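Below is one structure, written out as structure tokens; the observations come after it.
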There are 2 protein chains.
Amino acid sequence: MTTQTRKAREVAEREELLIDLAIEIIEQHGFAQLTMDKLTARSEYSKGTVYNHFSSKEDLWCALCARGLRIQRSMFGKLAQFQGNSREAILALSFGYELFTLCYPTLTMVSLRVMSPAVFEKASPARIKVLSETEDEMVQMLKGMIEVAMDKGELSRRYQDNLYQITFAIWAMSFGSVTIMRNSTPAPCLERIDHDSAVLTNASIVLDGLQWQPYSWEFDYHASWQRIAKEMFADELAQLSQRS
Amino acid sequence: MTTQTRKAREVAEREELLIDLAIEIIEQHGFAQLTMDKLTARSEYSKGTVYNHFSSKEDLWCALCARGLRIQRSMFGKLAQFQGNSREAILALSFGYELFTLCYPTLTMVSLRVMSPAVFEKASPARIKVLSETEDEMVQMLKGMIEVAMDKGELSRRYQDNLYQITFAIWAMSFGSVTIMRNSTPAPCLERIDHDSAVLTNASIVLDGLQWQPYSWEFDYHASWQRIAKEMFADELAQLSQRS
DNA sequence: ACCTGAACACCGTTCAAGT
DNA sequence: ACCTGAACACCGTTCAAGT
């Protein structure tokens with residue numbers, strides 16, 4: 001029994017190590033260079049053992065994606081403690097998602113690539129389960145905030161019976177804004193927008209559309225955005241500005 | 001001179017043929033099965049000739065993506081002629097983007113996969129140029145509609161000096177909504193929203209947030225959505241419902 | 001029970017030889 | 001000038017043999 005749990009722990013640790021190595025390979029040599037061969041060579045294990053962890057290359061991608069979601073979830077957990085009005089609480093989550101993509105560009109690119117039925121089909125069912133559960137936890141966190149605000153009457157009751165609709169709108173806008181900004185072809189349109197505030201602006205448009213009080217013209221949400229950064233992620237942001 | 005243009009035309013036709021074959025391969029055998037080997041085998045040309053068209057596999061992907069953007073552009077061109085108020089005109093474009101993803105799921109998946117610096121770096125500069133120019137044409141079409149409505153005072157003047165910001169917000173919401181709905185891991189949240197109207201609802205929230213008149217509670221935009229479908233894409237939609 | 005690495009079929013890319 | 005296809009280095013996956 002104790003040997004079994006020790007063994008299981010060792011296996012889990014080895015998996016984390018392999019994921020670390022995979023990220024290293026991508027960051028040093030680019031996405032296309034992540035191969036099972038190279039991952040094996042960089043580790044101290046054999047191909048068979050690597051395949052014991054990841055049933056296929058797609059499964060390895062999903063494992064990287066799961067790592068990313070786990071990091072996102074822990075950032076969200078931290079941000080949920082932010083003190084502010086209900087709109088600021090939502091903004092904190094949008095901020096968190098953007099910060100994640102800035103701090104972990106590799107993992108962000110992986111998630112984008114993984115998002116396709118073709119990949120999910122080749123990944124192990126256990127892996128898929130972890131992915132959707134982690135994602136769902138974050139969705140529930142967002143939905144919880146919306147629920148509280150709805151009960152207090154701080155936004156339009158039009159979507160009252162369909163809180164998932166609101167959750168989806170906020171989520172889609174964050175995801176869409178960040179993804180286009182970071183990954184799209186260099187379009188002239190994108191050069192004309194302020195990248196530092198685009199996510200905040202777009203989130204504000206959505207929240208105004210939901211009649212979420214106080215409106216963007218009644219409150220200084222730029223100040224909130226900076227406060228979130230300073231109070232929640234001083235360390236991460238210092239590291240980030242040092243890097244570039 | 002005439003021989004040269006004839007030759008150029010033949011080369012262009014051959015390229016379209018190769019792209020057709022590539023789409024066939026993906027649709028019949030899945031994404032991972034699209035290889036230069038198989039594309040060559042299915043065509044009546046040799047590997048060298050295929051590489052004469054597509055400088056690398058990434059370049060082939062970008063060519064597929066360019067085909068998709070060309071189709072989108074022609075749909076947008078048709079939709080720009082839709083008769084209605086300025087908000088309905090914007091909805092028509094959102095409708096067009098969703099319809100494209102429904103009619104061409106393969107090309108949609110390709111565009112998602114192509115969206116990454118790693119791919120752009122390996123594609124030929126000429127291809128990248130076509131991609132961003134086609135995309136920009138569509139952005140300009142959207143921006144033109146916003147401009148007209150702004151001049152008529154049909155939406156908030158808050159973003160007057162930054163029309164690209166509004167363009168980006170509408171674009172990001174459409175892209176984000178459709179991408180998450182069609183490609184994300186099967187999240188419980190997504191099962192609870194009405195897939196048929198989610199894009200319309202999310203676009204409406206954004207337009208309400210921009211104070212674009214008439215508001216969603218003052219006008220029957222569900223009716224508009226159906227009118228767009230019926231008047232613009234009766235054929236495509238009939239084909240689509242037949243397929244499933 | 002878990003690990004190893006040789007073996008296999010296939011893939012992306014190149015380029016000397018051909019027309 | 002354009003096309004061909006053999007050749008090469010590498011990749012994903014499997015599985016008989018080993019510990």
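What you are looking at is a predicted structure, and each value in this text was computed from that prediction instead of being measured. Proteins come first, then strands; the chains are lettered A, B, ... in the order of their sequence lines, and each starts at number 1.
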Dot-bracket summary - DNA chain C, pairs being Watson-Crick or G-U whose distances fall under 3.5 Å, with | when paired to another strand: ||.|||||...|||||.||
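In this structure, Y45(A) places its OH atom 17 Å from C1' of dG5(C), rounding to the nearest Å. We find that NZ of K38(A) is positioned 8 Å from P of dC10(D), with the value rounded to whole Å. Atoms CH2 (W61(A)) and C1' (dG12(D)) sit 12 Å apart, rounded to a whole Å. Going from atom CD of E10(B) over to atom C1' of dC2(D) covers 12 Å, rounded to whole Å. The CD-P distance, from E58(A) to dG12(D), rounds to 10 Å in whole Å. Between Y51(B) atom OH and dA16(C) atom P the separation is 17 Å, expressed in whole Å. If you measure from atom NE2 of H53(A) to atom C1' of dC3(C), you get 11 Å, rounded to the nearest angstrom. At whole-Å resolution of the value, CG in D37(A) and P in dG5(C) are 13 Å apart.
Nearest heavy atom pair, residue K143(A) against residue L163(A), reads CE-CB, 4.1 Å. Among all heavy-atom pairs drawn from A203(A) and M173(A), the shortest one is N-CG, 4.4 Å. Across all their heavy atoms, Y45(A) and L17(A) have their closest contact at CE1-CD2, 4.5 Å.
When the salt bridge (charged side-chain N to carboxylate O under 4.0 Å, His left out) test is applied to E27(B), no partner is found at least two apart in sequence or on another chain.
For S56(B), the listed nucleotide lying nearest its side chain is dT13(C); candidates were dT13(C), dC11(C), dT4(D). Distances were taken from every side-chain heavy atom of M36(A) (C-beta onward) to each of dG12(D), dT4(D), dG12(C); the shortest belongs to dG12(D). Comparing atom distances between the K47(B) side chain and each of dG12(C), dC3(D), dT13(D) picks out dG12(C) as nearest. In the set dG12(D), dC3(D), dT4(D), dG12(D) carries the atom at the smallest distance from any side-chain atom of T35(A).
Side chain of H195(B) to main chain of L190(B): a donor-acceptor pair is present (N/O by atom type, distance under 3.5 Å, no hydrogens or angles). In terms of modelled atom types and a separation under 3.5 Å, the side chain of T35(A) and the main chain of K38(A) share a donor-acceptor contact. Between the side chain of K78(B) and the backbone N or O of M232(B) there is at least one donor-acceptor pair closer than 3.5 Å.
An OP1 or OP2 oxygen of dC3(D) is reached within less than 4.0 angstrom by a side-chain nitrogen or oxygen of N52(B). At dC3(D), one or more side-chain N or O atoms of R14(B) fall inside 4.0 Å of OP1 or OP2 (strictly under the cut-off).
Across all strands, T49(B) comes closer than 4.0 Å to base atoms (heavy-atom distances).
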